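Data first, discussion second: the structure below is written as C-alpha cells.
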Amino acid sequence: MSRGKISPALPTARRVAPRRAADPLRWWSDARFGLFIHWGLYAIPAGVWRGKRVPYIGEWLMFREKIPVATYAKFVPRFHPRHWDAAAIVRLAREAGQRYLVITAKHHDGFAMYRSASNPYNVFDATPWAHDPLADLARECRRQGVKLCFYYSQDLDWHHPDGAWNTWDYDPAKKSPARYLREKVFPQLTELLTNYGDIGMIWFDTPLTISREHSAAIRRLVKRLQPRCLVSGRIGHGLGDYRQTRDNYLPPGRLRGGWETCATLNHTWGYKKHDHEWKSPANLITTLVDLASKGVNYLLNIGPDADGRVPAPSAGRLRAMGAWLRVNGEAIYGTEPGPFDYEHPWGRMTVKDHTLYLHFFAKPPRSFRLHGLHTAVRSVSALAAPGKKFAHLQSLDAATGVPVLDLDFTDLRFIAPVTVVALHLAAPPVVVTEALQQPDGAVPLIAPLARVGTSAAKPGLRIGGNGLTENWRNTDDWLQWRFTLLRPGTYDVTVVTTHQHLEPWSGGHTLRLECGDKILRHRTRNDILIPGLRSIYFPQLATPFGRLTFARAGRHTLRLQAQRLILLRKNITHFSDGGIQFVEIRLTPAAT
Ligand code: JFZ
C-alpha cells in the first residue's frame, strides 16, 4: 500500500468510464478489432494501368487516370472470381480475432458489389459471375458469429453523372447531389439495410462535397431502417456515432469517445499485384495494442484479388495476430483505454474493471517502476503464466508525493512481440492526470495535456479529437502545461511536429518556448525523423530546442507560442489547415 501523504497539488482522477449496458457502441468498442475488405473491379487492373505500375492506392485508379466510364466498364465482363470463398474469409476474420467485418458494398467507382435492384451497375446483373458476394457474407457472418457491416461511398461516385468528382465524363455544373441521393444512395442503402439481415454499421466515407442536410438525411434513413445500425464518422458533418482518425493514423495519446483507425496491411486498400510491402506481425500486434490503449478500434484491411483470393501474406499476418490474441485477448477485448493520457516508453496500458494491463514491447528491466498510480495493487502476474506472481511495492516520492510502484520482474519471461502483465488492483485505477516525469527521466508534454490560451479575444488554436493541434495559425495563441519533475537537472528540449506523408509539411515556423525565466526560440524543421510506428505514414519530426535546467523537483509550467508563422496556400488540403501540426514537447535528461 502507499505510505505517507500524497501531495494535494497533484491532480488525480479515476480514469475508467462507467460502462453503460445500453451504450449503442458497446458491441463495437468491446470488439476493438475488425476486418476491412476492399474488393471490386479495381482488383482486375490490380495497380497496373497501360503497362505501368501506379504509385497510389489501387481503388483510386479510375480517378487518378481519369478513365472514362465507358472504358472502366470494360472491366465488368472480366469479373468472374472463381476462388471467392465467403466462409473462408469469415473464418479468417475469426482466426485473426476480428469480431466485425466491413466490406465495400459500393466504393467511389460506383460499382455495387451486391445484387442491387435499383442500379444495374452491379456484380450480379452486370458480370458473368452473376453472384451476390454480400449475400454469402451475410449468411456466413450469421453462421460464424461475426458482425457484418457495409462500406458505402455516399459522396464520391465516378460512375453516376451526379456523383462527386467525375469531371472528365460529366459537366460539374450539371451535377445534382440531391438527384444522386434520390436515384442511387437512398435506394441502395435501403437494399443493404433490408436484404441482408442485421447490419452492425454502415461505414460511410470521404464526405468531401456532401451537405450537412444530405448527411443528416442519410443518417435518418439508416436509423429508420435499422435503429441499432451504427453510422461511421465519415458520414460527414460530425453526424457519426463514432469518429475516425486519418487512415493508418496512431494518435499520440488517449482519445475520448469512440474512435477507429482503419489501416492497410501493405500500402493499398484495393488489391495491387506489385505491393509486397507487408507490415510485420510484430508491427501489427503492437499497433493493435497501441490503438486499444488509446481507446481506438483497429479496422485492418485485406484486398482480395480479381479471383477472390486473399493474398497469402495478408492471411498469414492476420492469423499471427489471432494467435497472440488467443493468449492476450482479455487485455484487448472489452477494455478501456489506459488511465494515463500519454504513451510510456516501455509499452502501453489497458484497463478492465480492477485490472490494469501493462503491455511490454520489450523485456522490462528486473526492477521496473511506474509513476502515478494511486490505487493499491493486490497482485501481479503475466497473462501467459498466471500462476507466477511478481513482487511489488508502492510508495510515495519524497520530494513530490508522486505515487511510485516498483515491480520485481526477475523471472518474467518475455514473449515477443508484446508480453502482457496484469496488475490486479483493489479498485479501478486512480492516477495522477498531469504530465509526470517517467522513470527514464523523460517528460511527455503532448498536446491534449496542454491548456490553450490566447492574448486575443478567443483562441483559434484547438486540440483536435485525434490529439493534434488544429488551426494553429496565429501568434496570439499558446499551449501551456503544468508538469511534475521528480528529479531536478538539465533536460534536452525537443518539439515534435508531423504531417500526413503524402501531404506537404507545414513547417519553418518560429516557436517561442518559455519555462520559468528561460526562453528558447527555434524554427521547426523536417530533417530529423523520430523512428517508430507513427512515422510510417505520419512522420514524427524532431526540432531540437536547446536545454532547460531545473533547480528543484516539483511542479513546473511551460508555455509554447508561435512567434513567426509561415502559412502557405499549398499546405491547405482537404485534410489539413496548413497550420502547425504539433504533437508534443519532449524533455529528456541531457547527456552530461
Ligand atoms: C478513403 C477512400 O478514398 C480510400 O479509397 C479507402 O477506401 C479509405 C479507407 O478511405 O480514403 C480516405 C478518406 C478519408 C481520409 C483519408 C483517406 N481522411 O479523412 O484523412
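Not measured: the values here are computed from a predicted model. Along the sequence shown, residues are numbered consecutively beginning with 1. Counting convention: from 1, in listed order, for ligands and their atoms alike.
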Sort and list the pairs that fulfil salt bridge (Lys or Arg N to Asp or Glu O under 4.0 Å) and have at least one residue in residues 39-63, not counting sequence neighbours.
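Listed by first then second residue: nothing to list.
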Filter on salt bridge (Lys or Arg N to Asp or Glu O under 4.0 Å), then keep only pairs touching residues 81-104, sequence neighbours left out; what's left?
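Listed once each, the pairs are Glu95-Arg319.
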With a 4.5 Å heavy-atom cut-off, do Val231 and Lys223 have their side chains touching?
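A side-chain contact exists here, since the closest heavy-atom pair is under 4.5 Å.
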Does His108 have its ring centroid less than 6.0 Å away from the ring centroid of Trp165?
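No - the distance between ring centres of His108 and Trp165 does not fall below the 6.0 Å cut-off.
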N or O contacts of ligand 1 with protein under 3.5 Å, please list pair by pair.
from	atom 1	to	atom 2	distance (Å)
ligand 1	3 (O)	Trp60	NE1	2.9
ligand 1	3 (O)	His108	NE2	2.8
ligand 1	5 (O)	Glu59	OE2	2.6
ligand 1	5 (O)	Trp60	NE1	3.0
ligand 1	5 (O)	His107	NE2	3.2
ligand 1	7 (O)	His38	NE2	2.7
ligand 1	7 (O)	His107	NE2	2.9
ligand 1	10 (O)	Asp205	OD1	3.4
ligand 1	10 (O)	Asp205	OD2	2.9
ligand 1	10 (O)	Arg234	NH1	3.2
ligand 1	20 (O)	Arg246	NE	2.4

Candidate list Asp205, Leu299, Asn297, test side chain to side chain contact (heavy atoms under 4.5 Å, CB included), partner Cys262, passing option
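One option only clears the test, and that one is Leu299.
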What residue pairs, at least two apart or across chains, pass ring-ring contact (aromatic ring centres under 6.0 Å, His included) with a residue in residues 272-306?
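The answer is Phe33-Tyr298.
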